[in-house]
There are 2 protein chains.
Amino acid sequence: MSRRNEANDPDEQAFLKEYRAEDFPRLSVTVDVAALSTHDGSLWALLIKRQNHPFQDSWALPGGFVQMAESLDQAASRLLAEETGLKDVYLEQLYSFGEPQRDPRTRVITVAYYALVAWRQLQHLQSEGQTTLMKLDVEWSGETGGPIHLLDHEGTRQPIAFDHADILGMAVKRIRGKLDYVPIGFQLLLPRFTLRQLQEVHETILDRPLNKDSFRRRMLASGLLEATGEREEDVGHRPAELYRFTRYSAI
Amino acid sequence: MSRRNEANDPDEQAFLKEYRAEDFPRLSVTVDVAALSTHDGSLWALLIKRQNHPFQDSWALPGGFVQMAESLDQAASRLLAEETGLKDVYLEQLYSFGEPQRDPRTRVITVAYYALVAWRQLQHLQSEGQTTLMKLDVEWSGETGGPIHLLDHEGTRQPIAFDHADILGMAVKRIRGKLDYVPIGFQLLLPRFTLRQLQEVHETILDRPLNKDSFRRRMLASGLLEATGEREEDVGHRPAELYRFTRYSAI
DNA sequence: AAAATAGTGTCTATGAGACACTATAGT
DNA sequence: ACTATAGTGTCTCATAGACACTATTTT
C-alpha cells in the first residue's frame, strides 16, 4: 500500500476539521463469502438458512456489515469465522455487487470473497444445523459464467437469497480461470495428497476429464510438488506416493 | 441477475417497513477509474490534478461517489464521462479497495474500474488542462503486481493521491493476465489496424518483445480477425493489410 | 491368481520460435 | 535501385495426448 506523504500540512489539518462526511451519500457495505469445497466429483458451498425477512428460509452466503475500523479482507475473515467457525483458509476478493435493488431493505453494496476449504475441514461443521453444505449445479461450461443453482442432499433445488446465485457463479468462473496458472488446487486438499486426488480436484473444478499422463507430467514439472516418501495405506490397490506442496501458503 | 422470488409476502412487507438503515454502519462508497492507453511503447493513464486537500496538487484517478440509485457500472461510466468526457469505452470492474485509512477524511471504500481507450480517442482531451495523460513506470515484470509510478512528459516522477498507485498497479497486473486469453488489445486500437500495431499493443502491455511469426499465426488462427482488403497508406515501405475485429464489442 | 490403480516409456500431433526467403510500398 | 517492413514456407524444439507396458498393493 502507498502511504500518505503530506500528513502534517497545517492547511490540510484545517480542511479535515471542516470536512463533514454526512454531506455525501453514505450507504451500507457488506462482505459475503462463498466458501467452496470439492467432494465426490462436485463443488459444494457453505450456506446459512435465513431466519428473517427478506428471503426468509432461503439460503444465503455467510457475510455481514463491514465495520468502520476494519479492512475488507479483515471483514471477510472475521465474518466467515463468526458465522461458520472457519479460520485460516484461503480467502480472496472476488467482485463487488452493487445493483441498486439487490437488497430490498436499503442500498447495500457487497464485496464478495471466495474461500477454498478442504472437505475434511468442513466435516465437523456439518453437524451444526445453522450452516449447511450444498452441491453447486453449474449449467454452463468453461468460463461462460452466470448464476448457479443449489442442490440439497436429495438433489432438489433450493432457493438462494439476494444475488448470491450470481456471486457463487462468479466464484466458480474465477476459480476455473485461475486453476490454469495458479496452484489453487492445493487449498482444497489436506497437506499430503496423491496426484490422483489433485487431478480429481482439478477435474471437479473444471467439470471435465483431464489426461492422466499429461496432468502428472505437468504437475511434477511445475516444481511445486515434493514427494514425501510416504504412501497411501489401505487402498486395495498399489498405493500412490503422497506429495506435499512446496510453498504451502500459510495464508 | 437473479431476481427476488417472494416480493409480495405481507409478512415481509411489515418487516421492511420497520427496517431502519441507520441502525447499521454506513460509509462512503466511491468508484475510481483507471483509464489506460498505449502509445510509443508505454502505458499511459488519465489523471486529474487535485485542487483540494487531501493530496492537494497530487494526481488522482477520475472518480467520485456512487449515487443511491445507480449501479456500480453506471457510476463508473457516469463519473468517467463527467470528469474526462470519455464515453463508450471498454470498462470493467477491477477490485475494491477498503483500507480503513486510505482516505484521511472518512471511511471510504472504492470500487476501482479500468478502462481501455485508443490513444487517438484521447488526443482531443489532452488540450484541456484539467485532465492529463501520464506515462506509467512499472517496476515489476510479469504479473508480480505492486504500485506503479507516474512520469510526466519530462520523465519526472509525480505524486499520486490516496492509494491510486495501487489501483493503477492492479490494473496493469489485470490486463497483463487477461491479454493471454481475452482479446482486449483491440480496445486500444482504432477499428482498423495492422497486425504490427496489434503486436505493439501486446508488447507494450506485457512489456516484453513477442515473436512476430508466432504472433501473426496465433492472431490469424484465433478467428477474431477479419481482413478488410484495405492497406496502409503513406508508410514508406510495403503497406500492411488492415484488419478489423470480427466481434468488435459495441459496449 | 485376480483386481485395481500407480507409475514409466515411447510415439505422434500441435504450436511456438527461428530463420530464410519473397513481395511491395516510398524515396 | 535502395530501404524498410509485410507476409510466406519450412525446420526444429517443447509439450500434450494416446497408448502400451510394468509395478505393487489388497482380496
Side-chain angles (χ1 to χ4, degrees), chain A residues 38 40-41 141-142 176-177 179-183 185-186 189-190 192-245, chain B residues 38 40-41 141-142 176-177 179-183 185-186 189-190 192-245:
Chain A
T38 52
D40 203 19
S141 63
R176 281 188 182 173
L179 193 58
D180 291 332
Y181 59 101
V182 183
F186 307 102
L189 291 167
L190 299 176
R192 310 200 157 196
F193 53 86
T194 68
L195 288 175
R196 162 66 62 187
Q197 290 168 341
L198 184 59
Q199 184 173 345
E200 278 169 7
V201 165
H202 280 236
E203 290 178 336
T204 299
I205 292 175
L206 299 175
D207 196 28
R208 64 182 174 88
L210 296 173
N211 182 280
K212 172 190 153 192
D213 312 84
S214 171
F215 184 81
R216 287 181 63 84
R217 261 184 310 213
R218 201 152 43 89
M219 286 300 137
L220 294 173
S222 75
L224 297 171
L225 295 188
E226 197 173 59
T228 62
E230 297 171 48
R231 297 177 162 273
E232 285 183 299
E233 286 175 16
D234 309 316
V235 283
H237 54 77
R238 173 173 172 178
E241 175 92 32
L242 289 170
Y243 289 82
R244 76 164 73 90
F245 184 39
Chain B
T38 52
D40 201 19
S141 63
R176 281 187 182 174
L179 193 58
D180 291 331
Y181 59 100
V182 183
F186 307 101
L189 291 168
L190 299 177
R192 310 201 156 196
F193 52 87
T194 67
L195 287 175
R196 163 65 64 188
Q197 290 168 341
L198 184 58
Q199 183 174 347
E200 277 169 7
V201 166
H202 280 237
E203 289 179 336
T204 300
I205 292 175
L206 299 175
D207 196 28
R208 63 183 173 88
L210 296 175
N211 182 279
K212 172 190 155 193
D213 312 86
S214 172
F215 184 80
R216 286 182 61 86
R217 262 184 310 213
R218 201 151 45 86
M219 286 300 137
L220 293 173
S222 74
L224 297 171
L225 294 188
E226 198 173 57
T228 62
E230 297 171 47
R231 298 177 162 272
E232 286 182 298
E233 285 175 16
D234 309 317
V235 285
H237 54 77
R238 173 174 172 178
E241 175 91 31
L242 289 170
Y243 289 82
R244 77 165 71 89
F245 183 38

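Chain identifiers are assigned alphabetically (A, B, ...) following the order of the sequence lines, protein sequences preceding nucleic acid strands; residue numbering begins at 1 within each chain. Side chains included, hydrogens not; waters and symmetry mates left out as well; all remaining heavy atoms used.
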Taking the side chain of B/His237 as its heavy atoms from C-beta onward, which of C/dG17, D/dG7, C/dA25 lies nearest to it?
-> C/dA25

CZ of B/Phe215 versus P of D/dT8: gap in Å, rounded?
-> 15 Å

A/Arg231 CZ: over 12 foreign heavy atoms closer than 6.0 Å | yes

Take atom CD of B/Glu233 and atom P of D/dA4, then tell me their distance rounded to the nearest Å.
-> 22 Å

Atom CZ of A/Arg231 and atom C1' of C/dA6: how far apart are they, to the nearest Å?
-> 8 Å

Would you indicate which nucleotide in C/dG17, C/dA4, D/dG7 comes nearest to any side-chain atom of B/Lys212?
-> D/dG7

Rounded interatomic separation in angstrom, taking CG from A/Leu242 and C1' from C/dG7 = 15 Å

Applying side chain to side chain contact (heavy atoms under 4.5 Å, CB included), run through A/Tyr243 and A/Thr228 and close with a yes or a no.
-> CA-CA 5 Å; A/Tyr243 289 82; A/Thr228 62; 5.6 Å; no

Among C/dG17, D/dA18, D/dA16, which nucleotide sits nearest the side chain of A/Asp213?
-> D/dA18

Find which nucleotide of DNA chain D each of B/Ala240 and A/Ser214 is nearest to by heavy atoms, and output the residue with the more 5' nucleotide.
-> B/Ala240

Interatomic spacing from CZ in A/Phe186 to CG in A/Leu198 - rounded to 0.5 Å = 5.5 Å

To the nearest angstrom, how far is A/Arg218 atom CZ from D/dA14 atom C1'?
-> 15 Å

N/O donor-acceptor pair, side chain B/Arg238 with base C/dA25, under 3.5 angstrom | no

Once you round it to whole Å, what is the distance between P of C/dT5 and CD of A/Glu200?
-> 10 Å

Just how far, in rounded Å, is C1' of C/dA6 from CD of A/Gln197?
-> 13 Å

Using a cut-off of strictly less than 4.0 Å, decide whether B/Arg216 has a side-chain nitrogen or oxygen near OP1 or OP2 of D/dG7.
-> yes

Gap between atoms CZ and C1', on A/Arg196 and D/dT25 respectively (whole Å) | 16 Å

Sugar-phosphate only, base, or nothing, as touched by A/Arg217 at under 4.0 Å among non-hydrogen atoms | base

Take atom CZ of A/Arg192 as the centre, draw a 6.0 Å sphere, and report whether it contains more than 12 heavy atoms from other residues, nucleotides or ligands.
-> yes

Ignoring the backbone of B/Pro239, work out which of C/dA25, D/dT25, D/dA16 is nearest its side chain.
-> C/dA25

Nearest of D/dG7, C/dT24, C/dA18 to any side-chain atom of B/Glu241?
-> D/dG7

Given A/Phe193 and A/Phe245, is the ring-ring contact (aromatic ring centres under 6.0 Å, His included) satisfied, shown in steps?
-> CA-CA 9 Å; A/Phe193 53 86; A/Phe245 184 39; 8.0 Å; no

Position toward the 5' end of DNA chain C (nearest nucleotide), A/Thr194 or B/Gly236 = A/Thr194

Among D/dA18, C/dA23, C/dG7, which nucleotide sits nearest the side chain of A/Asn211?
-> D/dA18

